[in-house]
Colleague: 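Take this structure, written in structure tokens, and hold onto it; I'll ask about it next.
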Amino acid sequence: MMRKEVVLSDVVIKFAGDSGDGMQLTGSQFTNSTALLGIDLATFPDFPAEIRAPQGTIPGVSGYQLRFSSNPIFTPGDLCDVLVAMNAAALKTNLSQLKKGGKIIANSDGFDAKNLRLANYSEAVNPLEDGSLDNYELIKMDVTKMTREALKDVALGMKEKDRAKNMFVLGFLYFMYNRSLDNSIEFLKVKFGKKDEILNSNIKALQAGYNYGDTTETFTTTYSVASAKMEPGEYRSIMGNQSIAFGLIAASQKSGLQLFLGSYPITPATDILHDLAKYKNFGIKTFQAEDEIAAITSAIGASYGGSMGVTTTSGPGMALKSEAMGLAVMLEIPLLIINIQRGGPSTGLPTKTEQSDLMQAYYGRNGECPMPIISASTPSDCFNAVYEAFKISVQHMTPVIFLSDGYIANGAEPWRFPKSEDLSSIEVKVKTSLEDGEEKLLPYKRDEKMVRSWIIPGTEGLEHRIGGLEKENLTGNISYNTDNHQLMVKIRQAKVDRIAEYIPLQTLDSGPIKGDLLVLGWGSTYGSIKSAVADLQSQGKSVAHAHLRHLRPFPKNLGEILKNYDTVLVPEINNGQLIRIIRDVYFVDAKGYNKIMGIPMTKTELVEEFGKYL
Amino acid sequence: MSEVTTAPVLTAKDFVTDQEVRWCPGCGDYSILAQVQKVMPTIGVPKENIVIVSGIGCSSRFPYYMNTYGMHSIHGRATAIASGLKAARPELSVWVVTGDGDGLSIGGNHTIHLLRRNFDLNVLLFNNQIYGLTKGQYSPTSEENKVTKSTPFGSIDHPFNPLALALGADATFVARSMDRDPKHLQNMLTRSHQHKGASFLEIYQNCNIFNDGTFETFTEKSTKAEQVLFLEQGKPLLFGAGNNKGIKLDGFTPKVVNLEEGYSADDLWIHDEKDIYKAQILVRIFDDPKTEGHLPRPFGVFYETDRKCYEEVMEQQIAAAKAKKPADLDKLLRGNEVWTIN
């Protein structure tokens, strides 16, 4: 049979099904096969807060959006070209995100009377049959039936066989996009190596899906996307939380400091604990504490002992840690607090993304308690950003807050991974004895950076006591002296402010150095802002984009940059947090754009919003 | 001839700091500090390897007065900080100084988790049955009906039995001592140090300002013999003037018998620190000394057992992982699936 192969430049696929349907696995497998072809990609997994919400219902829908392109891309796409809907609820939830004329690959078995009812369709109205999808290209297939048929010789129960449905769909998509099955077969062998029957059923279903596409004459077109023109080099795929784990390991190796992670499981940060727990061969100590407070205080204990103490959490957990963060500020020891933000307040939206902990990071502690804050913009950027946070913490003897969010944490993108020899060095200074002429230890004596010495237990002759009570300048002894307290508050602030002397100047991501509009962003809005700004620039608009990594202290030249534009616009996935700080620090009448829906901003909405100022 | 160098012999004075001790005059903490300073030179640990971690409360000022490494941290968290420190630095001798409020109320959670994990460190719980630093509120060990500033009509809280709590959390060393018995306290401090695993030592400590005399019946010469039962390994449970009384186990019930009335030491309960079942009964001997027919309060080591220490197993896992797969950062960053763009 003659089949047409169409070359596309940009495709967005959304895999959607019940949370038990294995859509995250299907999506990530398709992602890996895409990555290995050198195609640029961005992903957006979107799952419910419940592990297994009632089957077939709208709250139970789990989705995985993948965009891949032969051009460099920075977002997982606003609307989909292809929607895989394993059941009626998946279709109902995601149809509005499908482009007009887009493809729907629907598992017809998921549209029976019960599924339609659970998805709040009236039972008499099956969207696959009533013509309501006429504006789309509808591909109906009874995945359940065909999977069972393919596995009829496998000695597994019906329930187990049905678990392989997602592999059938994956196989079919591999056919549609001209992909090889080899990589996924290898993956399945590793995953189910010891469970012969399950491995066998998954491979058979995968092949059956592929063959179904290949042998059925209905499918006359297949598609391919060429590899992207990216910077030459070796690439791998990386997810945000994994990137943080790697950054921490790399910093530990380069600094020679033992890494200690104190952590309590919390969505969406837990994967960092999972990842680091695997790498004991790097000497990493992970400690699953009894609560968030023990997680950070154990890390403080480890840092006091000369390790790099790290704690990972999300918004509610950081709230519980605030008192201990204050202790670390008083002790002036290294410590990293990594917050993977999610929707709040309280338990909020645990699996949805938000940038609403910036104020908490800035001000959420008792007393005058300044701490440096660093944020990451993309999954691969987490590596460099956390490496830098580690370095600042150790070299400036201060706890540092690192902000990522759920969108970055679970998203994947290609990463031109560095060689270890190319990573910057992290020099660690530990005081091991009194210097010549130094008669008595002064634990709070400072160097030109205003940084005190790291003196760790076990060092003979330097025994001393530190604690959370206000300390006398230089000696570190308890002091209730009024002048001393004012002095120490100012010193702790100046120490953090002075870090601005040691971090890179702010640069523009794109655009003119003077102009009509500057879009100032931070964190996970990077890709959407970049794409929207690029669109407007190609229309000749005077718009620039700056994206902040250093949120406290700000880069020294930020104030100068802000003055060069008629308007400064700060888009945030919160109710306006960075904007308040910017207005406060720089007296700039910045404008805000705030979306607080638990989902990322789209390029389309940003183009429209930015356009209002151009 | 090779030169033989020996560590200088230290004395209690070497463990005194230049800081003015700021407890109220007459506070039981002074005696505890003195005993700790006396014991430290004898345990065979270099001074620089000793770390004292405390939380918040009167007792938690302790580190400032000990010329070792020390951290005065935040309320209730000393146990968690010490856990992290010990995990990171197993070779250090770590001592947690906490109180009944710090260790059993705000920090109760961390205390029980430290004990079940069995880090090899020592928890000294100064129990004065009152909140002293906040000027006299009832604590989680205060007796029922106690009238304090926050309970003008009497406390309706049922108190913790600290040793039963520790044993319930599977502590591997459970002991009790008192501020007013220096020799016994020194002995218990030494035993705490010698035990490999988490040692839980409750120390009755008099707060002469807000709860004066609460342990008087156990500490005063006139009543001590009748009210205190000193536990000694392998010895019968004897008390009273001239050890004229003993404890006999009647089934699972401890009973007081009089040796002058036909009982001999052979009839008595022989103390065995290794017996968890007997330890469960011992920690429950917790009668109010004011009640008729009460049992004397036991002091000493109630229970000791060997169990793997958390930090030890952690080190073993790391060593095994390193032996199996040497750390290779480039290999890690590269992963298994790489593609090249030319």
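Numbered from 1 within each chain, the chains take letters A, B, ... in sequence-line order. Keep in mind that the numbers below use all heavy atoms, side chains included, and drop hydrogens, waters and symmetry copies. What you are looking at is a predicted structure, and each value in this text was computed from that prediction instead of being measured.
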Colleague: Testing the basics here: between A/Glu323 and B/His75, what is the closest heavy-atom pair and its distance to 0.1 Å?
Modeller: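 Result for this residue pair: OE2-N, 4.2 Å.
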Colleague: Name the option with the most non-hydrogen atom pairs under 4.5 Å to chain B; the candidates are A/Ser227, A/Ala299, A/Ser237.
Modeller: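 Greatest number of close heavy-atom pairs with chain B: A/Ser237.
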Colleague: In terms of heavy-atom pairs under 4.5 Å with chain B, which of A/Gly458, A/Gly468, A/Gly467 leads?
Modeller: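 Among the listed options, the one with the most contacts to chain B is A/Gly458.
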Colleague: Counting only non-hydrogen atoms closer than 4.5 Å, does B/Tyr65 touch chain A with its backbone (N, CA, C, O), its side chain (CB onward), both, or neither?
Modeller: neither
Colleague: With a 4.5 Å cut-off on side-chain heavy atoms, are B/Lys47 and A/Glu463 touching?
Modeller: yes
Colleague: Between A/Leu423, A/Ile284, A/Thr286, A/Leu462, who has the most heavy-atom pairs with chain B when the cutoff is under 4.5 Å?
Modeller: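 Answer, by heavy-atom pair count under 4.5 Å with chain B: A/Leu462.
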Colleague: Which bit of A/Glu231 comes within less than 4.5 Å of chain B, counting heavy atoms only: side chain, backbone, both or neither?
Modeller: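 Interface part for A/Glu231: backbone (N, CA, C, O).
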Colleague: Between A/Gln253 and B/Leu329, which heavy-atom pair has the shortest distance, and what is it?
Modeller: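 Heavy atoms of A/Gln253 and B/Leu329 come nearest at CB-CD2, 4.1 Å.
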Colleague: Taking atom CD of A/Glu234 as the centre, does the number of heavy atoms from other residues, nucleotides or ligands within less than 6.0 Å exceed 12?
Modeller: yes
Colleague: What pair of heavy atoms forms the shortest contact from B/Ile318 to A/Lys280, and how long is it?
Modeller: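 Result for this residue pair: CG2-O, 3.7 Å.
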Colleague: Among the options A/Ile455, A/Ile238, A/Asn183, A/Ile300, pick out the one with the most heavy-atom pairs lying under 4.5 Å from chain B.
Modeller: A/Asn183
Colleague: Pick one of side chain, backbone, both or neither for A/Tyr235, based on which atoms fall under 4.5 Å of a heavy atom in chain B.
Modeller: both
Colleague: Select one option (side chain, backbone, both, neither) describing which atoms of A/Lys278 are under 4.5 Å from chain B's heavy atoms.
Modeller: neither
Colleague: Of the backbone (N, CA, C, O) and the side chain (C-beta and beyond), which part of B/Pro63 lies under 4.5 Å from a heavy atom of chain A, both, or neither?
Modeller: both
Colleague: Checking heavy atoms, do the side chain of B/Ala87, its backbone, both or neither come under 4.5 Å from chain A?
Modeller: both
Colleague: Going by residue number, which parts of residues 330-342 of chain B are within reach of chain A, meaning a heavy-atom gap below 4.5 Å?
Modeller: B/Asp330, B/Leu332, B/Leu333, B/Arg334, B/Gly335, B/Glu337, B/Val338, B/Trp339, B/Thr340, B/Ile341, B/Asn342
Colleague: Find the distance between CD (A/Glu460) and CD (B/Glu48) and round it off to the nearest 0.5 Å.
Modeller: 4.5 Å
Colleague: Where on B/Glu315 is there a heavy atom nearer than 4.5 Å to chain A: the side chain, the backbone, both, or neither?
Modeller: side chain
Colleague: What part of A/Ala250 gets closer than 4.5 Å to chain B, counting heavy atoms only: side chain, backbone, both or neither?
Modeller: both
Colleague: Can you find a pair of side-chain heavy atoms, one from A/Leu469 and one from B/Arg61, that are under 4.5 Å apart?
Modeller: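 Result yes, sub-4.5 Å side-chain heavy-atom pair found.
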Colleague: CE of A/Met330 to OG of B/Ser73: how many Å apart, nearest 0.5 Å?
Modeller: 12.5 Å
Colleague: By the side-chain hydrogen bond (donor to acceptor under 3.5 Å, both in side chains) test, which pairs, at least two apart or in different chains, include something from residues 293-306 of chain A?
Modeller: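 Every pair satisfying side-chain hydrogen bond (donor to acceptor under 3.5 Å, both in side chains) with a residue in residues 293-306 of chain A: there are none.
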Colleague: Is any side-chain heavy atom of B/Met71 closer than 4.5 Å to one of A/Leu331?
Modeller: yes
Colleague: What distance do A/Thr459 atom OG1 and B/Tyr69 atom OH have between them, rounded to the nearest 0.5 Å?
Modeller: 4.0 Å
Colleague: Does the side chain of B/Arg117 come within less than 4.5 Å of A/Phe287's, by heavy atoms?
Modeller: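 Side chain of A/Phe287 against side chain of B/Arg117, heavy atoms only: contact under 4.5 Å found.
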Colleague: Are A/Lys285 and B/Glu311 ion-paired here, with the side-chain N under 4.0 Å from a carboxylate O?
Modeller: no
Colleague: Is there side-chain contact between A/Asn281 and B/Lys324, with heavy atoms separated by less than 4.5 Å?
Modeller: no
Colleague: Counting heavy-atom pairs closer than 4.5 Å to chain A, which one of B/Val51, B/Ile81, B/Asp328 comes out on top?
Modeller: B/Ile81
Colleague: Does any backbone or side-chain atom of A/Ala295 lie under 4.5 Å from a heavy atom of chain B? Answer side chain, backbone, both or neither.
Modeller: neither
Colleague: CD/B/Gln19 to OG1/A/Thr475 distance, rounded to the nearest 0.5 angstrom?
Modeller: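 Between atom CD of B/Gln19 and atom OG1 of A/Thr475 there are 7.5 Å.
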Colleague: Spell out the residues in residues 95-109 of chain B that have some non-hydrogen atom less than 4.5 Å away from a non-hydrogen atom of chain A, in order of number; otherwise answer 'none'.
Modeller: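 Only B/Asn109 of residues 95-109 of chain B have a heavy atom under 4.5 Å from chain A.
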Colleague: With sequence neighbours left out, which residue pairs that include part of residues 32-52 of chain B fulfil the ring-ring contact (aromatic ring centres under 6.0 Å, His included) condition?
Modeller: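 Listed once each, the pairs would be none.
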Colleague: Is there a donor-acceptor pair under 3.5 Å between the side chain of B/Arg89 and the backbone N or O of A/Gly305?
Modeller: yes
Colleague: Checking A/Asp291 against B/Arg77 for the salt bridge (charged side-chain N to carboxylate O under 4.0 Å, His left out) test, could you report, in this order, the C-alpha distance in whole Å, the side-chain angles of both residues, the deciding distance, and whether it holds?
Modeller: CA-CA 11 Å; A/Asp291 62 21; B/Arg77 319 303 169 200; 5.3 Å; no
Colleague: Which atoms of A/Ser420 come close to chain B, meaning under 4.5 Å heavy atom to heavy atom: side chain ones, backbone ones, both, or neither?
Modeller: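 Both the backbone and the side chain of A/Ser420 come within 4.5 Å of chain B.
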